[in-house]
Amino acid sequence: MFIKDELDQIAAAKETWAAKLAATTKKRPEREAKFATDSGFEIDTVYTPNNLAGMGYEQDLGLPGEFPYTRGVQPNMYRGRLWTMRQYAGFGSAEETNQRFRYLLEQGQTGLSCAFDLPTQIGYDSDHPLARGEIGKVGVAIDSLADMETLFDQIPLGKVSTSMTINAPAGVLLAMYIACAEKQGFTKAQINGTIQNDVIKEYICRGTYILPPEPSMRLISNIFEYCSKEVPTWNTISISGYHIREAGATAAQEIAFTLADGIAYVDAAIKAGLNVDDFAPRLSFFFNAHLNFLEEVAKFRAARRLWARIMKERFGAKSAKSMSLRFHTQTAGVSLTAQQPMVNIMRTAYEALSAVLGGTQSLHTNSYDEALALPSNESVMIALRTQQIIGYEIGVCDVVDPMGGSYYIESLTNALEEKAVDYIGKIDALGGAVKAIDYMQKEIHNAAYQYQLAIDNKKKTVVGVNKFQMEEKPVEGLLRVDLSVGERQVAKLAKMKAERDQAKVAALLQTVREAAQSDANLMPVFVDAVKEYVTLGEICGVLRDVFGEYKQQIVF
Amino acid sequence: MSEKRIRVLVAKPGLDGHDRGAKVIAQALRDAGMEVVYTGLRQTPEQIVSAALQEDVNVVGMSILSGAHGTLFPEVVNLLREKGAGDILVIGGGIIPEDDIPALKEAGVAEVFGPGTPLENVVKYIQEHV
């Protein structure tokens, strides 16, 4: 990108300057003996064109909307349309969550993002013994289409886009969404949204797995195939680094492990006979926006470039859409403190800004009270307003990739990509992401432990936690989900089950069983079953019976 | 403390998969010289109590981030008492609102450690209370 003579001149100038720097630091020592990013990259005092000497503009950056998409996936990015402001929400009953959804839409949110409770995420109905104490706690309880109909009451599914954080039973919930949309009068081609559907990271770190890897990968490929024909604008997977980072990974590991999972899904789908350009355009990603601001901006850019290269070079993708990494971002839950919780508003704002400067397609900003409880209506509104300030008030959306060309940001983007390539090489050598689950778990745990030690020994400052502490009163007005939600949900489920045509339910479950035992695509049978109010737990029960359950390996 | 190493069961009751905290605590206790067994995810109170008895632990440390602590922590305490193991020190952590702590203590949970607790505090607490 630079002329050699000029680089030589700058290098010479920097050498002279280094003597000046040494004199300064001798007089006034620096705050740290060594500065480093969260991923452990040592940071020089200043960056110059020499740090980018090997780069080529066309090959490494390109223009926005052009390979390798370092600068963004669309030519004009937020000058056209801002990112989708999408707050993750869901708790208690379908009625309560429906009210929160409608509140958020009234406040100017532009897409929905649904959180399900843990029994739903693990494929148990609310009447299962393991659901005790968990119903409606971290998300909404959905047992059948009846709950889904309540959840989206008066919300036209052909007009909003909905992201559903559902993984192991994603196919069943998507089937319910389709059935619900059709009942509202929309067609499958009119609905938009995303299912998370990323089971590998459930094994690695999030924990809501059901089946072993092989049938899980088959289900995922079934969804890719079904949607490519029937639900063309649905994002069939959200390959998630978010939880990998929350579990403790560094930024470089977040890119590497996420893209390694992506590679495994693409491999599985190709092996199932699909053509890469038929399904890859609907793959989407989900990243974390953490505190180390500049490294985070570089992370999003590095991930975008590396995925473009992987799709083109490793999988021979031809379509530009297959090579464009589109992603959702959520600010870092782990960075929130229970101490002086209002200060979390500032943390979240900086994290959100890094995601916007990194070119995110949608964003969730955490609420300040989330280290204490589920967010209240008030705290969610402030979180949404934070995004609106970034989008409408501070001018950062009027130009594409404003951080591009910074010597430091570009240098960090290169370093992160290089480190991620290195990790992916190790994962490939182990036989791919599914085989490397315990390797990734160990790496993540080690990084998490180091992070905590750095806080405990005050190498890393956390305002209000290990520095600038103060006496404070407990926060009031926290949202609580009481146990009566569970009781009501169980009663509702019992009533619904009693009113169904039992023979029809049994026959549909038999169809699910036979499809699971054959190599048929399971999606059409899920859709048929949920329309007759066969429950999530009943369908997943059959799948558990046919395929067995995943047994966690304990690594720490 | 010097004559016998403290044995701790770190357990994840309920269905949530957030085990970063549990594993970090487990590692810190191990590095402090304790013998630590980690149960893995999705343990029922029955499984936790049975593991505690089998491993002959002095301490059961539980982590929940889903909000199910109010149901599951007391169940573990009660089951331990039923099995004649009421002397085992039970502690907990996770996303637990301050308002819930008195009820948990009343139910027999000795201490609750919230977000931001230095590892050293947990280590010290166990050393002083076993």
Side-chain angles (χ1 to χ4, degrees), chain A residues 91 117-119 121-122 124 129-138 202 205-209 243 246-248 333-334 336-339 370-374 441 444-446 448-449 451-453 455-457 462 464-466 469 474-476 478 480-483 486 551-556, chain B residues 10-31 36-47 51 64-76 93-102 112-123:
Chain A
F91 57 94
D117 72 356
L118 286 161
Q121 294 190 49
I122 300 174
Y124 294 128
L130 284 173
R132 244 174 343 131
E134 306 273 15
I135 302 165
K137 289 285 188 193
V138 301
E202 297 297 328
C205 64
R206 192 170 173 275
T208 68
Y209 42 75
H243 318 88
E246 284 289 290
V334 291
L336 303 179
T337 62
Q339 295 74 15
E370 291 192 70
L372 303 163
L374 289 182
Q441 285 181 320
I444 293 167
H445 170 64
N446 288 339
Y449 193 49
Y451 195 91
Q452 186 61 42
L453 291 180
I455 293 171
D456 283 6
N457 64 29
V462 184
V465 172
N466 64 4
Q469 298 102 316
V475 180
E476 286 172 10
L478 294 179
R480 308 184 70 87
V481 177
D482 68 56
L483 291 170
K551 294 271 170 288
Q552 186 199 17
Q553 296 176 45
I554 294 169
V555 177
F556 101 88
Chain B
V10 173
K12 280 288 299 172
L15 302 180
D16 87 88
H18 300 95
D19 58 359
R20 174 178 181 160
K23 284 157 78 174
V24 165
I25 292 277
Q27 177 93 50
L29 299 180
R30 187 178 279 177
D31 287 356
V36 182
V37 179
Y38 170 53
T39 61
L41 303 177
R42 294 193 207 170
Q43 300 293 301
T44 62
E46 291 77 9
Q47 287 171 315
I64 295 188
L65 287 86
S66 71
H69 49 268
T71 307
L72 298 174
F73 283 0
E75 279 191 31
V76 171
I95 302 290
I96 296 173
E98 196 115 345
D99 288 353
D100 291 4
I101 295 176
V112 176
F113 297 96
T117 305
L119 295 170
E120 200 192 339
N121 294 12
V122 183
V123 170

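Because the structure is a prediction, the values reported are computed rather than measured. In what follows, chains carry the letters A, B, and so on, assigned in the order in which the sequence lines appear, proteins first and then strands, with residues in each chain numbered from 1.
- From B:Gln27, atom CD reaches atom CG of A:Asn446 across 7.0 Å, with rounding to the nearest 0.5 Å.
- When all heavy atoms of A:Arg480 and B:Pro97 are compared, the pair lying nearest together is NH1-CB, 4.2 Å.
- Among B:Leu72, B:Val36, B:Asp100, the residue making the largest number of heavy-atom pairs under 4.5 Å with chain A is B:Asp100.
- Note: A:Ala371 leads A:Ala131, A:Pro129, A:Ala371, A:Cys205 in heavy-atom pairs under 4.5 Å with chain B.
- Proximity to chain A is absent for every atom of B:Ala22, based on heavy atoms less than 4.5 angstrom apart.
- The two atoms that bring A:Gly207 and B:Leu41 nearest to each other are CA-CD1, 3.6 Å, heavy atoms only.
- Crowding of B:Glu120 atom CD: a count of heavy atoms from other residues, nucleotides or ligands under 6.0 Å not exceeding 12.
- Per-residue heavy-atom pair counts under 4.5 Å with chain B were compared for A:Gln553, A:Lys137, A:His243, and the maximum is reached by A:Lys137.
- Proximity to chain B is limited to the side chain of A:Tyr451, based on heavy atoms less than 4.5 angstrom apart.
- Within the 4.5 angstrom heavy-atom criterion, atoms from both the backbone and the side chain of A:Pro119 approach chain B.
- Contact count versus chain A (heavy atoms, under 4.5 Å) is highest, among B:Arg30, B:Lys12, B:Glu98, for B:Arg30.
- Remark: A:Arg132 CZ to B:Thr44 OG1 distance equals 8.0 Å, nearest 0.5 Å.
- In this structure, chain B has a heavy atom under 4.5 Å from the backbone of A:Glu370, while its side chain stays farther away.
- If you measure heavy-atom distances from A:Val475 to chain B, you find no contacts under 4.5 Å at all.
- When each of A:Ala338, A:Gly464, A:Ala448 is checked for heavy-atom pairs under 4.5 Å with chain B, A:Ala448 comes out on top.
- Heavy atoms of A:Glu246 lying under 4.5 Å from chain B belong exclusively to its backbone.
- Here the closest heavy-atom approach between residue B:Gly116 and residue A:Gln339 is recorded as CA-NE2, 4.0 Å.
- The candidate from B:Gly114, B:Gly70, B:Ala26 with the greatest count of non-hydrogen atom pairs under 4.5 Å with chain A is B:Ala26.
- No side-chain heavy atom of B:Leu15 sits less than 4.5 Å from a side-chain heavy atom of A:Gln121.
- Contacts between A:Leu483 and chain B at a heavy-atom distance below 4.5 Å involve the side chain alone, from C-beta outward.
- With chain A as partner, the option from B:His18, B:Arg42, B:Lys23 having the largest number of non-hydrogen pairs under 4.5 angstrom is B:Arg42.
- A pairwise comparison of heavy atoms in A:Glu134 and B:Gly14 identifies OE2-CA, 3.1 Å as the closest pair.
- Side-chain atoms of A:Gln452 do not come within 3.5 Å of backbone N or O of B:Leu119 as any donor-acceptor pair.
- The nearest pair of heavy atoms linking B:Thr71 to A:Gly133 is OG1-CA, 3.6 Å.
- For the pair B:Asp16 and A:Val138, the minimum side-chain heavy-atom distance is 4.5 Å or more.
- Both the backbone and the side chain of A:Leu130 have a heavy atom closer than 4.5 Å to some heavy atom of chain B.
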